[in-house]
Amino acid sequence: MATEKTLNDLFLDTLKDIYYAERQIVKTLPKMAKAASSAELKAGFEKHLEETEGHVERLEQIFELLDKPARGKTCDAILGIIEEGKSIMDEFKGTAALDAGLVSAAQAVEHYEIARYGTLKTWAQQLGLTEAVTLLDATLQEEVATDKKLSQVAMANVNLKAA
């Protein structure tokens with residue numbers, strides 16, 4: 001008979017999922033920065049790459065707090081979102097709409113991360129993992145700020161050029 005799964009198990013499983021996702025994002029952001037024609041968008045992707053490397057480090061700290069190895073679990077959701085972004089880069093390469101497509105792909109990633117970090121933070125609170133709550137909240141705030149910044153870049157610059 002299968003053993004009873006707990007919120008602790010779900011927390012660890014989801015932590016592995018977002019750890020894998022963040023490491024995939026670290027590999028993808030330089031490609032997005034290179035593809036962007038807008039200097040502001042390119043700089044935004046480069047800045048978020050640095051932040052994402054910090055997200056990976058925070059997740060590794062949480063694994064340490066749990067006395068578990070920092071291991072990822074294949075995240076099909078992020079692989080699909082990244083694949084969508086690659087398709088946009090291929091199909092819209094050299095067009096005025098490329099940057100708008102890059103913003104939309106980046107926001108899909110951000111929204112996934114916001115959902116994951118919000119959930120993990122809530123579970124960490126329920127599990128009494130105070131240090132993990134602090135680390136997850138710091139990342140959540142950065143993800144929300146990045147999403148807002150992407151919207152600002154799109155509205156002030158990128159979408160206008162694509163119209």
Side-chain angles (χ1 to χ4, degrees), residues 11 13-64 70-124 132-163:
F11 180 81
D13 195 59
T14 306
L15 197 65
K16 290 177 180 179
D17 175 278
I18 196 66
Y19 183 67
Y20 178 91
E22 291 286 22
R23 292 181 56 183
Q24 293 302 307
I25 294 162
V26 164
K27 294 177 189 174
T28 304
L29 279 168
K31 295 172 189 166
M32 293 178 77
K34 185 177 179 185
S37 61
S38 160
E40 187 178 10
L41 185 57
K42 187 179 295 279
F45 286 146
E46 290 166 354
K47 177 181 186 251
H48 196 58
L49 173 59
E50 290 175 29
E51 286 179 349
T52 303
E53 289 167 345
H55 301 167
V56 169
E57 290 171 16
R58 285 187 195 125
L59 290 169
E60 289 169 350
Q61 289 175 40
I62 296 169
F63 280 111
E64 271 184 46
R71 281 204 193 107
K73 171 188 166 190
T74 301
C75 174
D76 292 327
I78 206 66
L79 291 176
I81 293 169
I82 288 171
E83 192 56 41
E84 232 175 65
K86 287 178 185 173
S87 293
I88 289 169
M89 286 189 277
D90 290 342
E91 292 175 32
F92 290 87
K93 184 177 185 174
T95 72
L98 175 61
D99 284 351
L102 289 171
V103 168
S104 75
Q107 285 192 297
V109 169
E110 292 310 308
H111 294 178
Y112 179 77
E113 291 177 302
I114 289 166
R116 281 294 189 221
Y117 283 111
T119 297
L120 284 166
K121 179 184 166 189
T122 298
W123 289 344
V133 170
T134 302
L135 293 165
L136 292 164
D137 185 60
T139 299
L140 179 59
Q141 297 312 312
E142 288 177 1
E143 300 294 12
V144 169
T146 296
D147 183 51
K148 286 181 183 171
K149 181 65 176 167
L150 284 165
S151 289
Q152 290 167 354
V153 169
M155 295 301 289
N157 179 343
V158 171
N159 291 350
L160 297 174
K161 290 181 181 171

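Values below: every heavy atom of this structure, side chains too, minus hydrogens, waters and symmetry copies.
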Should [X] and [Y] count as side-chain neighbours, where that means a heavy-atom distance under 4.5 Å?
X	Y	value
Asp147	Glu143	no
Phe45	Lys34	no
Arg71	Phe63	no

Taking atom [atom1] of [X] and atom [atom2] of [Y], what is their separation to the nearest 0.5 Å?
X	Y	atom1	atom2	answer
Leu150	His48	CG	NE2	8.0 Å
Leu102	Phe92	CG	CZ	10.5 Å
Glu50	Leu29	CD	CG	11.0 Å
Glu60	Leu135	CD	CG	12.0 Å
Trp123	Leu15	CH2	CG	10.5 Å
Arg23	Ile78	CZ	CD1	14.0 Å

Item to check | Ion pair check, Lys47 and Glu51, cut-off under 4.0 Å | outcome: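 Salt bridge flag = yes for Glu51 with Lys47.
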
Next on the checklist: If the threshold is 4.0 Å, N to carboxylate O, is there a salt bridge linking Arg116 and Glu22?
Outcome noted: no

Item to check | Among Thr14, Val144, Leu140, the one residue meeting side-chain contact (heavy atoms from CB on, under 4.5 Å) with Tyr117 | outcome: Leu140

Item to check | Given Ser37, Ser104, Ser38, the one that forms side-chain hydrogen bond (donor to acceptor under 3.5 Å, both in side chains) with Asp99 | outcome: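 Testing Asp99 for a side-chain hydrogen bond (donor to acceptor under 3.5 Å, both in side chains) against Ser37, Ser104, Ser38 leaves exactly one candidate, Ser37.
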
Checklist entry - Between His55 and Glu113, is any side-chain donor less than 3.5 angstrom from a side-chain acceptor? => result no

Work out which heavy atom in [X] is nearest to a heavy atom in [Y]; give both atom names and the distance.
X	Y	value
Tyr19	Gly72	CD2-N, 3.6 Å
Gly85	Ala105	CA-CB, 3.8 Å
Tyr20	Cys75	CD2-N, 3.2 Å
Gln107	Ser151	NE2-OG, 2.9 Å

Next on the checklist: Quick check against the 3.5 Å criterion: does Lys42 have a side-chain atom that pairs as donor or acceptor with the backbone of Ala33?
Outcome noted: yes

Checklist entry - Step by step, would you call Glu110 with Lys148 a salt bridge (Lys or Arg N to Asp or Glu O under 4.0 Å)? => result CA-CA 10 Å; Glu110 292 310 308; Lys148 286 181 183 171; over 6 Å; no

